[in-house]
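Scope of the values below: all heavy atoms of this structure, side chains included, with no hydrogens, waters or symmetry mates. Residues: numbered from 1 along the sequence shown.
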Amino acid sequence: MERIIIKKRPHSEAVVTQRKFFKKTARGKVIKVLRERYLREDVSCGIQSCIACQLPLESTLPVTGGQHPLFPSGHFILPDTNVFLSQMDLIESALFTPPIILLQTVMEEVRHRSLPLYNRLKALTKMDEKKIWIFYNEYRSETAVIREEKETPNDRNDRGIRKATEWYNSHLKVTRPLIRGQAPPKVPAVVLMTEDAANRQIAEKSGLPAISVRKYVEKTPEADKLLDLLSAAGSDEIELTKAAGARQPLYPEYLPTATLIAGVKAGELHQGHFNANQYNYLEGSVPVPAFNKPVLLVGRENMNRAVNGDIVVVEVFNEKEWKAPGDEVVDQDTTLKDDDVEASGDEGESDNDEVIARETRHIKPEQATPPTEKQPTGRVVGIIKRNWRAYVCHIDSGSLTSQNTTSLAQQTVFATPVSRLLPRIRLRTRQAPTLVGQKILVTIDRWDVNSRYPEGHFVRALGKVESKEAEQESLLLEFDVPYRPFGKAILDCLPPEGEQWVVPPKSDTHPVWKDREDLRQFLICSIDPPGCQDIDDALHARPLPNGNIEAGVHIADVSHFVHADTPMDKEASDRGTTVYLVDKRIDMLPALLGTNLCSLRPFVERLAFSAIWELTPDADIVNVRFTKSVIASKAAFTYEEAQIRKDDSNQQDDLSHSIRLLNTLARKLKEKRMKAGALNLASPEVKIHLDSSESSDPIDVEQKELRETNSLVEEFMLLANISVAQKIQETFPQTAVLRRHLPPPKTNFEKLQDILIKRKGIKLDVSSSGALADSLDKCVDSAEPAFNTLVRIMATRCMLSAEYFCSGSVPRDTFGHYGLATPIYTHFTSPIRRYADVLAHRQLAASIGYAPLHPSLHSKSLVERVMDVINRRHRMAQMAGRASVEFYVGLALKGRNEREGNAGVKEEAFVIRVFRNGLSVFVSKLGIEGLVMFKKDVKFDAENYTITIPGPSGDVTISVFDKVMVNIEVEKDRNTQRGKVKMTLVSPVNTSGL
């Protein structure tokens, strides 16, 4: 019998193998946490053919290392944490290919410092083209370190990284011994790559090879391209630009973080998101809870280097210093024209002085302003969290010092972001002449107090301006839409039968049929937009013997295929929603599910989750039940086809009767909602006509037509969402996934109320949603039928955005949906394209006892985190969709313009805002807004919202709500090559000369 020997660890080793720290609980109690780590000697180095290590099959590092002029025997790089934090764009580049040793210490520190960068790093380790080995140095006995007395965590990590570097170099020497009679073996160097000069010096004193990122890159074959990827913030060797090196600060320094937090807690300072002004780049605002109106920031110094989306801390001035927002359009490109990219920041430069003077004129104190128009005014004193990311930009050709395409000389140039909410970015590049006329990706690295502009670095080129591929990718990047192809791990979650999967024959023992109702004989149909492939929902209605009506909403049973905590579920959670562009759809789920197995196609058996009501003829709910089901849709109608079928009295079949029954109930449901105070708002929606199904060339634009069948579907989807919300909140009061729409602050409507009373004599009552609905119904102009729609669009913009939330995270009295006038709401009806609906399906399944709820949906903190992601993705998807429509409207206008002899396209428009130097107009037919700018002085009456323009027959006064005719052209900016819509008035006065 084999003897078993139990070895006890010596007490002296406990200091190495135990990790002790203290943490404070939510209730303020301090507890000691003791964690044991087991040190081993068999943690592999990951280098192929190593004679000392038990190598796993996936070992990735080549035996000879990588080639580099500074390391003729080969090398591996071992980056420290700051390299990944500041130079991730470089490491992700396909041109950067050295074998990399990634330490466990570094990964943990990156995760602690930046979760988005950690996710990028994890993705990097899975890329086949990268040679990266994760070395668990904290669990190898020779490389594990403990924190010494008075040693900071950062110093401890640096020492651990140096120790791992030392071990690797000695390990390579031991495993490649001298053999008598043979030439000495080549031993690759393991090189510590760090941006920390002090860490490099300590390493070099210890005899360890160490190098900075810049010095390493400068000697690579692709140095001219890779150097452009270097982050200015990450390197202590990058020389400041002339502007950034100027002595005179342009901005005040930020307060220390501790001071900011203490000030916010004490109520002396205020925290919120910085919102740039789309009309005036010298103004911004920060909504904060302490004031009904956002805090106004006027001028560069008061905005103090904040970028749109940053979480900032503001100091509010004394009420005597409060101001009203500016009444002038201040365009960044025009005001900063001819600014010297190198001198912008220096004092005493004549060009710079001229720019400063132009900006000062735009923010000069105005005349007496009515107190009601003033709002809290202040300045940014600190940044809590930067919103910096990669931005889509164009190179400003006017900032180039050399146009020679063969020159590799480094130039400092301006990159102008596509978004007008962002400042110009100064960057260094050796590729500037070749990048003119292209869309490029640029990341902001830093913004110093003595530089007018932030500094950044070039990431990559996206393609030629106006090419559809570049425009499409830039749009997805601009709105942070995940568009990578679904990976193998995700696709492995799909049914192995693929497209051959079918609902199995009915059987009491088959798991698919467990607790499912067989509704295949029901007359169920779907009604969707033309060309819809991901059919989420279907409906049915039939009379009951007791005189009531049974109505059902049947939703694709996505949760049957997408299980919690799987790679596919995690990807759907990250994507949050399907994104619809004009000619492309970025799916949340793989196409096999979205457009096939889950799509409720006609004449095919599909799994569904059904909500079935018994309703009275007056659409009062008698009862509702929820059940998993199997359905077979009998037809897939477009809205137009369903409308024709409903209206055709010759159609007397059961399916037509079902549609008419659904429509009758829908009208009564809508009537009840409107009586309860629901709002009938409006948003501009247009339809882009493409040349053909294969081509994505737009040929025309028209407004979308809404039919009665649109409302039919909408009413039953709302009914299903409300009913499900009630059920899941009742079952899971702490973690139900719900959606709410908070009442807007009454101050949001002040400007619209004032315009309506002064221009039309109409009073807008915003005391409640019902009062607002009644007021909007009365906003009519007999001479202009489109006036009511225009007011509804403007009222919609005064609203807050709806949001997903966790039921246990907010007070019960804030659950309501203001726009729908319902006390509770969720999203249940579109699980193919919205992840929130998938979660609602899982909670509903658990609430009816169909399946246990996954632990993640019992955790309030986890649900809150997912809701934050979904809300952000939802907002970005909406903006991406609108931007796609705007781009294609621009292409269609350009095409029409060319067909009509480049004279421009003339369309009717409504004035929605007046400025001291222009008008903002809304072209309803195209669903776009534009600015009509005046270079010459015109008379501006801010009090009455009018502007008076000189005409050939005398002065012409134009006010908000007036209908005008505009000429629309799409012109290309000479410097940035960025296309933009230019509008001029045609009538009541031609302003082409103004």
Inset, instruction - Keeping the roles fixed (side chain from Glu641, backbone from Thr638), state whether a donor-acceptor pair exists under 3.5 Å. - result: yes
Inset, instruction - State, with a plain yes or no, whether a side-chain heavy atom of Ser847 is found less than 4.5 Å away from one of Leu844. - result: yes
Inset, instruction - Can you establish whether the number of heavy atoms outside Glu497 located under 6.0 Å from its atom CD is more than 12? - result: yes
Inset, instruction - Mind running salt bridge (charged side-chain N to carboxylate O under 4.0 Å, His left out) on Arg797 and Glu929 for me, showing each step along the way? - result: CA-CA 13 Å; Arg797 296 178 182 184; Glu929 280 182 43; 2.2 Å; yes
Inset, instruction - May I ask you to say whether Asp518 pairs ionically with Arg516, meaning some side-chain N is under 4.0 Å from a carboxylate O? - result: no
Inset, instruction - Applying side-chain contact (heavy atoms from CB on, under 4.5 Å) between Tyr391 and each of Thr443, Val418, Val307, report the one that passes. - result: Val307
Inset, instruction - Ignoring hydrogens and angles, tell me if any N or O in the side chain of Ser285 forms a donor-acceptor pair with the backbone of Pro294 under 3.5 Å. - result: no
Inset, instruction - Identify whether the distance between the nearest side-chain nitrogen and carboxylate oxygen of Glu708 and Arg667 falls below 4.0 Å. - result: yes
Inset, instruction - Could you please spell out the steps behind the side chain to side chain contact (heavy atoms under 4.5 Å, CB included) verdict for Leu593 and Val558? - result: CA-CA 8 Å; Leu593 292 185; Val558 172; 5.6 Å; no
Inset, instruction - Verify, without hydrogens or angle tests, whether Ser629 (side chain) and Leu519 (backbone) share a donor-acceptor contact under 3.5 angstrom. - result: no
Legend entry - Steps toward side chain to side chain contact (heavy atoms under 4.5 Å, CB included) verdict (Leu494, Trp501): CA-CA 10 Å; Leu494 296 169; Trp501 182 93; over 6 Å; no
Legend entry - Main-chain N/O of Val810 paired with Thr814 side-chain donor or acceptor, under 3.5 Å: no
Legend entry - side chain to side chain donor-acceptor pair (under 3.5 Å) contacts touching residues 858-870 (sequence neighbours left out): Ser809-Glu864, Ser859-Ser861
Inset, instruction - For residues Leu669 and Arg673, determine if any side-chain heavy atom of one lies less than 4.5 Å from a side-chain heavy atom of the other. - result: no
Inset, instruction - Please tell me if the side chains of Glu550 and His540 come closer than 4.5 Å, counting only heavy atoms from C-beta onward. - result: yes
Legend entry - side-chain contact (heavy atoms from CB on, under 4.5 Å) partner of Leu857, chosen from Leu862, Leu839, Val866: Leu839
Inset, instruction - Validate the cation-pi geometry between Arg542 and Phe522: distance from NZ or CZ to the six-membered ring centre under 6.0 Å, angle to the ring axis within 45°. - result: yes
Inset, instruction - With the side chain counted from C-beta on, respond yes when Leu665 and Leu615 share a heavy-atom pair under 4.5 Å apart, and no when they do not. - result: yes
Inset, instruction - In sequence, state the C-alpha distance, the side-chain angles, and the governing distance for Asp534 and Tyr580, and then conclude on side-chain hydrogen bond (donor to acceptor under 3.5 Å, both in side chains). - result: CA-CA 12 Å; Asp534 48 348; Tyr580 293 91; 2.5 Å; yes
Inset, instruction - With sequence neighbours left out, write down each residue that passes side-chain contact (heavy atoms from CB on, under 4.5 Å) with Asp492, or none if nothing qualifies. - result: Lys488
Legend entry - Heavy-atom check, side chain of Pro745 versus side chain of Leu800, under 4.5 Å: yes
Legend entry - Verdict with supporting geometry, Leu121 and Met88, side chain to side chain contact (heavy atoms under 4.5 Å, CB included): CA-CA 8 Å; Leu121 181 55; Met88 188 65 84; 3.9 Å; yes
Legend entry - Stepwise side chain to side chain contact (heavy atoms under 4.5 Å, CB included) check, Ile612 with Val624: CA-CA 6 Å; Ile612 300 172; Val624 60; over 6 Å; no
Legend entry - Flag side-chain contact, heavy atom, 4.5 Å: Ile311 against Arg386: no
Inset, instruction - Go through the steps to decide whether His554 and Ser610 satisfy the test side-chain hydrogen bond (donor to acceptor under 3.5 Å, both in side chains), and finish with yes or no. - result: CA-CA 4 Å; His554 312 276; Ser610 302; 2.7 Å; yes
Legend entry - Any side-chain heavy-atom pair of Asn275 and Pro287 under 4.5 Å: yes
Legend entry - Over all atoms of both residues, closest heavy-atom pair of Gln843 and Ala736: OE1-CA, 3.4 Å
Legend entry - Atom NZ of Lys385: over 12 foreign heavy atoms under 6.0 Å: no
Inset, instruction - Test the Lys514-Tyr850 pair against the cation-pi criterion, namely NZ or CZ under 6.0 angstrom from the six-membered ring centroid and within 45° of the ring axis. - result: yes
Legend entry - Whether Ser723 side chain and Ala720 backbone form a donor-acceptor pair below 3.5 Å: no
Inset, instruction - Compare all side-chain heavy atoms of Leu772 with those of Phe749 and state whether any distance is below 4.5 angstrom. - result: yes
Inset, instruction - Please report the shortest heavy-atom distance between Arg606 and Ser599, naming the atom on each side. - result: NE-O, 3.2 Å
Legend entry - Any pair counted as salt bridge (Lys or Arg N to Asp or Glu O under 4.0 Å), so long as it reaches residues 838-858, sequence neighbours left out: Asp569-Arg842
Inset, instruction - Start with the C-alpha distance between Asn871 and Glu803, add both sets of side-chain angles, then the distance that settles side-chain hydrogen bond (donor to acceptor under 3.5 Å, both in side chains), and finish with yes or no. - result: CA-CA 6 Å; Asn871 281 324; Glu803 62 181 4; 4.8 Å; no
Legend entry - Ring centroid separation Phe626 to Trp613 under 6.0 Å: no
Inset, instruction - Look at the side chain of Asn721 and the backbone N and O of Tyr825, then say whether any donor-acceptor pair between them is shorter than 3.5 Å. - result: no
Inset, instruction - Decide, yes or no, whether a salt bridge links Glu614 with Arg625 under the criterion of side-chain N to carboxylate O below 4.0 Å. - result: no
Legend entry - Polar side-chain atom of Asn308 near backbone of Leu421 as donor-acceptor pair, under 3.5 Å: no
Legend entry - Asp583 and Gln472: side chain donor to acceptor below 3.5 Å: yes
Legend entry - Ion pair Arg833/Asp536, N-O distance below 4.0 Å: yes
Legend entry - Salt bridge Lys570-Asp565, side-chain N to carboxylate O under 4.0 Å: yes
Inset, instruction - Could you please spell out the steps behind the salt bridge (charged side-chain N to carboxylate O under 4.0 Å, His left out) verdict for Lys672 and Asp620? - result: CA-CA 9 Å; Lys672 290 176 188 291; Asp620 293 320; 2.7 Å; yes
Inset, instruction - Establish, yes or no, whether the cationic atom of Arg740 lies under 6.0 Å from the six-membered ring centre of Phe805 and within 45° of the ring axis. - result: yes
Inset, instruction - Please confirm whether the backbone N or O of Arg707 pairs with a side-chain atom of Asn710, one donor and one acceptor, at under 3.5 Å? - result: yes
Legend entry - Lys/Arg N to Asp/Glu carboxylate O, Arg872 vs Asp480, below 4.0 Å: yes
Legend entry - Side-chain ion pair, Lys628 and Asp557, N-O less than 4.0 Å: yes
Inset, instruction - Measure from NZ or CZ of Arg873 to the centre of the six-membered ring of Tyr835, then state whether that distance is under 6.0 Å and the direction lies within 45° of the axis. - result: no
Inset, instruction - Compare every heavy atom of Gly594 with every heavy atom of Ile832, then report the nearest pair and how far apart it is. - result: CG2-CA, 3.6 Å
Legend entry - Heavy-atom pair of closest approach, residues Tyr483 and Arg575: C-NH2, 4.5 Å
Inset, instruction - Report yes or no: does Arg111 contribute a side-chain atom to a donor-acceptor pair with the main-chain N or O of Leu117 at less than 3.5 Å? - result: no
Inset, instruction - Decide whether His874 and Thr577 meet the rule of one side-chain donor and one side-chain acceptor closer than 3.5 Å. - result: no
Legend entry - Mutual orientation of the aromatic rings belonging to His827 and Tyr804 [parallel < 30°, tilted 30-60°, perpendicular > 60°]: perpendicular
Legend entry - Side-chain donor or acceptor of Ser884 paired with backbone N/O of Val582 under 3.5 Å: yes
